[in-house]
Number of protein chains: 2
Amino acid sequence: MPRAKRRRKAVSTRDHLIAVSLALFNERGPDRVTTAQIAEAAGINEGNLYYYFKTKQALILTIFDRFEAAVDDLLDRDRAAGADPAAYVAFLTEWFEIVWRYRFLYRDFMGLIATAPELRRRIRAISDRIRDPVRQLIEHMRAAGLMDVSDEALDALLHNVWIVSTYWVVYLDVQEGVRALKKSHLEWGLKQVASLFQPHLSEPARHWLDGQSEADRSSV
Amino acid sequence: MPRAKRRRKAVSTRDHLIAVSLALFNERGPDRVTTAQIAEAAGINEGNLYYYFKTKQALILTIFDRFEAAVDDLLDRDRAAGADPAAYVAFLTEWFEIVWRYRFLYRDFMGLIATAPELRRRIRAISDRIRDPVRQLIEHMRAAGLMDVSDEALDALLHNVWIVSTYWVVYLDVQEGVRALKKSHLEWGLKQVASLFQPHLSEPARHWLDGQSEADRSSV
DNA sequence: GTCTATAATCAGATAGAC
DNA sequence: GTCTATCTGATTATAGAC
């Protein structure tokens, strides 16, 4: 079946281009990666790249679609998981991994929306949808007597959770020159976010969280 | 005295170029601003721009020098002020204003160090120097019984203070589409950082801080 | 699907007259 | 100091053979 073979090859080259582009964009930013460099890294000819993506922007938008799909998937699974704090740690961990995998989107955001303005709307929609379960978790914990925060403090806390959980990745990348996300980095990020919650926790919740981090350490 | 006049004009054109470039860089990022656009916005010819700055990078580095000088000045004055909490609010306010004024440096950091690698070292040195007085303030407050944090929590707190106080500007710029820094934005950023401290404060310190923010409000 | 060759554009930078 | 004219190089994108 030559038809099936042809099609499989096509998908494969396309996916390979996406993977190679993503790696290069994360490394240097989309503006500092040329189509010639992408083609070379992918082992194909530059002209051939334009067979798969009519423009460079189409390639970037395709990568953004995948980012969006990864978030959709995460949120779908989270809706099933409910407000269990353990599930929330897993949720945040996966969010961190997604942000890291597509970190150029946050790091080079300004340049991206300059040529693709609709990205501003789309990335803000994603931000809002991620924020929701976090707010819900806090409200659940508060209702269960595990957390003590005023409405005002809750609002500030949510903003800070968002800033830290998004930009710690950029911070590692840009300020610390981290090139590969190791487990220790993820743990560091989670610890930073946990430390935002910690002073607001009641005694039982604090004990539970301490138990969690010890379990994490022993499972390394 | 034609000589003095000539010299005054030269400085003025140069300063004007710097001011115009900074505005454009903050608006769109240095990569998306051409030397032609800078010259046009400054009302001079493109060729003339190269009389003042041999390369575009020299222009960027000159702006960075000014950023560094502004931080030096802030730190010099802080050393005189000591560990008074009121002085610390003033310190942080001015730091926020500086970060806002040169926000493209943090927002487009990756692109900048790609063409000027020494900037990574220099911006990290600045970060470290800003971090010092913050740590000292917290340690003073702890010694005075105004704050209750373990060594471990203090470390995490310092990192979060750094992340929030650096990236709240990018957050406003990128996520909220804020184009001009108003007093309300500065207050918002300060409130976000204050909310990192708040849950660690002892009762007397909390009362003092509440008094401060009310004083701020009534002085608007 | 993949390649070669090339068009079209545009940015950064220089030379030299005024 | 400031301008006009121009060059060089890089980058996105297309046409068309294989």
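Just the heavy atoms: all of them, side chains too, but no hydrogens, waters or symmetry mates, feed the values below. In what follows, chains carry the letters A, B, and so on, assigned in the order in which the sequence lines appear, proteins first and then strands, with residues in each chain numbered from 1.
- The side chain of B/Thr35 contributes an N or O atom lying less than 4.0 Å from OP1 or OP2 of C/dG12.
- As a whole-Å value, the separation of B/Asp31 CG from C/dC10 P is 17 Å.
- Among residues two or more places apart in sequence or in another chain, the salt bridge (Lys or Arg N to Asp or Glu O under 4.0 Å) test is passed with B/Glu139 by B/Arg135.
- In this structure, the side chains of A/Ser127 and A/Tyr106 come closer than 4.5 Å at one or more pairs of heavy atoms.
- In this structure, the side chains of A/Tyr167 and A/Val170 come closer than 4.5 Å at one or more pairs of heavy atoms.
- Atom-to-atom, CD of B/Glu40 to P of C/dG12 comes out at 14 Å; the value is rounded to the nearest Å.
- A sub-4.0 Å separation between OP1 or OP2 of C/dG1 and a side-chain N or O of A/Thr13 is absent.
- For the pair A/Ile60 CD1 and D/dT11 P, the interatomic distance rounds to 15 Å; values are reported in whole Å.
- Distance A/Leu49 CG to C/dT4 P: 14 Å, rounded to the nearest Å.
- In this structure, the helix from C/dG1-D/dC18 to C/dC18-D/dG1 shows an angle of 0° between the axis at its start and the axis at its end, each fitted on 5 base pairs and rounded to 10°.
- The phosphate of C/dA11 (OP1 or OP2) has no side-chain N or O of B/Thr34 nearer than 4.0 angstrom.
- The side chain of A/Tyr50 places no N or O atom within less than 4.0 Å of a non-bridging phosphate oxygen (OP1 or OP2) of D/dA15.
- Looking at B/Asn45, its side chain never comes within 3.5 Å of a backbone N or O of B/Ala39 through a donor-acceptor pair.
- Between A/Asp173 and the options A/Arg28, A/Arg103, A/Arg101, a salt bridge (Lys or Arg N to Asp or Glu O under 4.0 Å) holds for only A/Arg103.
- Closest to the side chain of A/Asn45, from the set C/dG1, D/dT4, C/dC3, is C/dC3.
- Between A/Glu46 atom CD and D/dT11 atom P the separation is 10 Å, expressed in whole Å.
- The nearest whole Å value for the distance from the NZ atom in B/Lys54 to the C1' atom in D/dG1 is 16 Å.
- Taking the side chain of A/Tyr52 as heavy atoms from C-beta on, and the options D/dT2, C/dG1, C/dG12, the nearest nucleotide is C/dG1.
- When each of C/dA13, C/dC3, D/dA13 is scored by its nearest atom to the side-chain atoms of A/Asn48, the top-ranked nucleotide is C/dC3.
- Regarding B/Phe53, its CZ atom lies at a distance of 13 Å from the P atom of D/dG1, rounded to whole Å.
- For the 3.5 Å distance criterion, the side chains of A/Gln175 and B/Arg120 fail to qualify, holding no donor opposite an acceptor.
- Proximity of A/Tyr51 to the phosphate of C/dG1: a side-chain N or O atom is located under 4.0 Å from OP1 or OP2.
- Here the side chains of B/Gln57 and B/Leu61 are in contact, with some heavy-atom distance below 4.5 Å.
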